[in-house]
2 protein chains.
Amino acid sequence: MNTAIFYHAGCPVCLGAEQMVANAIDQGKYQVEVVHLGEQPSRVAEAEAAGVRSVPALVLGGQAFHINFGADIADLRP
Amino acid sequence: MNTAIFYHAGCPVCLGAEQMVANAIDQGKYQVEVVHLGEQPSRVAEAEAAGVRSVPALVLGGQAFHINFGADIADLRP
């Protein structure tokens with residue numbers, strides 16, 4: 001199954017998007033994972049490799065979609 | 001049922017997002033509508049009222065989420 005990874009950093013913009021967007025994804029089509037980069041800084045590199053430049057972002061089948069703007073990925077690097 | 005309205009303007013960024021994001025929405029939870037504002041300029045006002053400032057954007061249950069950046073809504077006003 002394709003993966004949908006929702007990267008966020010706990011910011012208010014992030015949490016609003018998580019609640020709405022991540023929950024709206026069809027879990028019959030995508031395996032949804034939510035990653036808090038503030039708590040899992042070791043995954044920032046993986047997010048950047050997928051093209052994530054800011055959070056919140058949704059990586060759907062390997063393609064990055066930036067949703068509104070919460071924080072720059074550069075500010076989350078460990 | 002809640003509505004998910006995906007507003008776009010036919011731009012390449014818009015179409016990529018439409019293909020991935022609009023199709024990933026759980027149609028058991030949301031009634032999905034896709035609106036091409038270039039072809040339906042009369043709906044620009046409705047999009048702006050929902051908080052859409054650029055396209056592509058997804059309005060989920062009345063809340064606007066901007067997905068990457070294709071075009072400014074001001075450039076789509078009739």
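- B/Val59 and B/Tyr30 sit in two unconnected hydrophobic clusters of ILVMFWY residues. Membership requires side-chain heavy atoms under 4.5 Å apart, directly or through other members.
- No side-chain heavy atom of B/Glu33 sits under 4.5 Å from any side-chain heavy atom of B/Phe6.
- The greatest number of non-hydrogen atom pairs below 4.5 Å with chain A, out of B/Gln63, B/His66, B/Gln27, is found for B/His66.
- In the hydrophobic clustering of this structure, A/Val34 does not group with A/Leu15; members are Ile, Leu, Val, Met, Phe, Trp, Tyr whose side-chain heavy atoms approach within less than 4.5 Å, directly or through other members.
- Both the backbone and the side chain of B/Phe65 come within contact range of chain A, with heavy atoms under 4.5 Å apart.
- When all heavy atoms of B/Val55 and B/Ala9 are compared, the pair lying nearest together is CG2-CB, 3.9 Å.
- The interface of residues 35-49 of chain A with chain B, defined by heavy-atom distances below 4.5 Å, is empty.
- Within the 4.5 angstrom heavy-atom criterion, only backbone atoms of B/Ala64 (N, CA, C, O) approach chain A.
- Put simply, CD1 on A/Ile5 and CD on A/Gln31 are 9.5 Å apart, with the number rounded to the nearest 0.5 Å.
- Residues from residues 69-78 of chain A never place a non-hydrogen atom less than 4.5 Å from a non-hydrogen atom of chain B.
- Ranked by heavy-atom pairs shorter than 4.5 Å toward chain B, the options A/Asp26, A/Val21, A/Ile67 are led by A/Asp26.
- Hydrophobic clustering keeps B/Met20 apart from A/Val52 (ILVMFWY residues linked when any side-chain heavy atoms are closer than 4.5 Å, directly or through intermediates).
- To the nearest 0.5 Å, atoms CD1 (A/Ile25) and CG (A/Asn2) are separated by 11.0 Å.
- Once rounded to the nearest 0.5 Å, the distance linking CD of B/Gln19 with SG of B/Cys14 reads 12.5 Å.
- Distance alone, capped at 3.5 Å, places no donor-acceptor pair between the A/Lys29 side chain and the A/Thr3 backbone.
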